[in-house]
K.L.:
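My structure is below; once you've seen it, I'll send some questions.
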Amino acid sequence: MAVKDRVPMREQDPKVRIKNFDEVALGYTEEEAILEASRCLQCPNPTCVAGCPVHVRIPEFIKAITERKFEEAYKIITSTNSLPAVCGRVCPQEEQCEKNCILNRIGKPIAIGRLERFVADYALQNNIEEEVKPEKKNKKVAIIGSGPAGLTCAGDLLKMGYDVTIFEALHALGGVLTYGIPEFRLPKRIVEAEIERLKKLGAKVETNVVVGKTVTIDELMEEEGFEAVFIGTGAGLPRFMGIPGENLNGVYSANEFLTRINLMKAYKFPEYDTPIAVGKRVAVIGGGNVAMDAARSALRLEGVEEVIVVYRRSKEEMPARAEEIEHAIEEGIKFEFLANPIRINGTEDGWVKSMDVIRMKLGEPDSSGRRRPIEIPGSQFTMEVDTVIMALGTSPNRLIPSTTKDIQVQKWGGIITDEDGRTSRPGVFAGGDAVTGAATVILAMGAGKKAAKAIDEYLRSKGE
Ligand SMILES: Cc1cc2nc3c(=O)[nH]c(=O)nc-3n(C[C@H](O)[C@H](O)[C@H](O)COP(=O)(O)OP(=O)(O)OC[C@H]3O[C@@H](n4cnc5c(N)ncnc54)[C@H](O)[C@@H]3O)c2cc1C
Ligand code: SF4
């Protein structure tokens with residue numbers, strides 16, 4: 001059977017988009033969405049659903065699109081997914097629902113992510129809201145951290161009628177969605193709109209509260225009457241290389257760089273008062289999505305002429321999504337593969353001037369299954385750069401485990417939980433990057449969802 005082609009999505013032209021922070025992908029029109037949705041075979045045992053960590057009822061919402069019932073499609077999606085406009089944009093669908101779509105056998109899978117995005121954007125534009133009026137349960141639950149794990153857990157508990165308060169260390173909600181993923185991939189107005197929906201469901205919010213410092217979990221539970229706590233604090237602690245010169249001016253962690261740009265809007269300085277100092281030649285160290293985001297953000301800043309990603313393995317081993325790498329190449333980002341920095345050199349007044357790099361070759365596969373990079377002796381060379389961004393990965397911060405009784409953690413800092421998010425302390429649950437280390441939005445959401453269910457069971461078992 002011949003399969004119709006996937007409906008392409010319009011994008012901003014690379015030459016235009018490198019001068020702005022507007023969204024690159026432009027989304028489907030109604031007609032395009034209906035056309036794409038009509039390719040779905042409506043499988044009776046849909047394999048796509050099993051690939052989605054929050055089990056969105058995919059064929060049902062797609063069928064509603066073909067019937068032009070966009071509002072109904074939205075209700076179907078939001079019955080299991082609290083952040084569809086976000087997921088439709090940033091989930092690695094090629095590894096999840098779309099990978100499991102039956103059409104892969106004969107052609108391209110249904111563009112499930114794009115259709116989800118279409119429906120969610122339609123709902124936001126037309127102010128369509130969920131109708132949830134749960135019976136109030138008089139029990140207080142604290143959610144720590146407002147990334148996708150915390151927001152999902154909060155959303156599900158609110159729909160069950162719990163009294164939910166979200167505690168967030170920063171002044172804005174959203175976690176990585178707000179401070180990490182750039183505007184041109186995930187517009188902040190979309191994140192804000194999805195958070196507003198949660199507030200309408202009744203979430204109380206306390207920003208600028210660092211749990212472990214401002215207040216501890218023990219205090220929340222013993223003094224403030226919270227009967228259960230969910231820890232969704234992410235993995236925001238940046239890793240550095242430990243090479244000479246890393247403290248020079250002009251060396252950033254990707255976290256700092258992206259926070260300045262996304263959260264503090266430093267690209268609009270002086271309209272916004274957070275500055276960002278970048279030179280003409282920027283090196284980004286790493287090969288993941290964070291490296292791609294940092295590189296593409298740097299390229300859009302005024303005064304930057306060249307951005308080079310320096311990665312110690314080759315293109316094949318890069319952990320970043322293929323689509324992100326393609327976008328980076330289209331935009332003119334350069335790549336220095338099989339190369340690793342060994343020293344950053346500075347000017348007399350302490351700014352980055354250049355970086356010494358050594359060539360690598362690939363050896364046998366290591367524990368991650370990827371071929372291990374090995375230095376080639378004597379292959380050292382110098383790159384003239386004036387800004388260096390380290391995007392080497394992050395790990396969970398130990399503040400909460402170190403200030404809370406009876407919470408067990410892994411050696412690398414991840415909180416230990418069972419499958420449903422229960423920690424070693426009764427009443428305290430955890431999920432997302434704080435448990436797994438840096439992973440994905442949808443996995444964090446899946447963990448928040450499972451924990452909400454476990455919290456409900458726990459509080460029911462406690463009775464009145
Ligand atoms: C630059 C970047 C790009 C990414 N791109 C993608 C992508 O395209 N697709 C994808 O699926 N994933 C992507 N990821 C990964 C994804 O964003 C994370 O896996 C996901 O956000 C994890 O969610 P979380 O809720 O566990 O934690 P986070 O999103 O990290 O949220 C944790 C929140 O907790 C707060 N917090 C921390 N400690 C405390 C405390 N003590 N008290 C109070 N609050 C606290 C933090 O301020 C933060 O707001 C990206 C990550 C980064 C950094
Ligand atoms: S597997 Fe693909 S074709 Fe089948 S229902 Fe899911 S999206 Fe439609």
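Source: prediction; values computed, not measured. Atoms within each ligand, like the ligands themselves, are counted from 1 in listed order.
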K.L.:
As a quick check of understanding, evaluate side chain to side chain contact (heavy atoms under 4.5 Å, CB included) for Asp13 and Arg17, giving each step before the final call.
P.N.:
CA-CA 6 Å; Asp13 184 311; Arg17 73 187 194 228; over 6 Å; no
K.L.:
Between Tyr267 and Phe21, what is the ring plane arrangement, given parallel below 30°, perpendicular above 60°, and tilted in between?
P.N.:
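Ring orientation, 0 to 90° scale: parallel.
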K.L.:
Take Lys140 and Glu224 through the test salt bridge (Lys or Arg N to Asp or Glu O under 4.0 Å) and record every step on the way to the result.
P.N.:
CA-CA 9 Å; Lys140 281 168 66 175; Glu224 297 196 25; 5.6 Å; no
K.L.:
For Tyr122 and Phe118, take the angle between the two ring planes, folded into 0 to 90°, and tell me which bin it lands in: parallel under 30, tilted 30 to 60, perpendicular over 60.
P.N.:
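Ring orientation of Tyr122 relative to Phe118: tilted.
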K.L.:
Would you please name every residue forming a side chain to side chain donor-acceptor pair (under 3.5 Å) with Arg117, sequence neighbours left out?
P.N.:
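Counting only residues at least two positions away or on another chain, Arg117 forms a side chain to side chain donor-acceptor pair (under 3.5 Å) with Glu23.
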K.L.:
Taking only protein atoms, how many N, O or S atoms are found under 2.8 Å from atom 4 (Fe) of ligand 2?
P.N.:
1
K.L.:
How far apart are the C-alpha atoms of Glu11 and His327, what are their side-chain angles, what is the distance that settles it, and do they pass the side chain to side chain contact (heavy atoms under 4.5 Å, CB included) test?
P.N.:
CA-CA 10 Å; Glu11 287 182 347; His327 276 148; 2.9 Å; yes
K.L.:
Regarding Tyr28 and Asp121, is there a side-chain donor-to-acceptor distance under 3.5 Å anywhere?
P.N.:
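The answer is no; no qualifying pair exists.
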K.L.:
Hydrogens and angles aside, do Thr387 and Arg281 bring a side-chain donor and acceptor to less than 3.5 Å of each other?
P.N.:
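Side chains of Thr387 and Arg281: no pair found under 3.5 Å.
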K.L.:
Among residues at least two apart in sequence or on other chains, which ones pass salt bridge (charged side-chain N to carboxylate O under 4.0 Å, His left out) with Glu192?
P.N.:
none
K.L.:
Could you please provide the protein residues found below 4.0 Å of ligand 1 on a heavy-atom basis, arranged by chain and number?
P.N.:
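Lining ligand 1: Val90, Pro92, Ile144, Gly145, Ser146, Gly147, Pro148, Ala149, Phe167, Glu168, Ala169, Leu170, Gly175, Val176, Gly180, Ile181, Arg185, Val209, Val210, Val211, Gly232, Thr233, Gly234, Leu258, Val290, Asp293, Ile400, Gly432, Asp433, Ala439, Thr440, Val441, Ala444.
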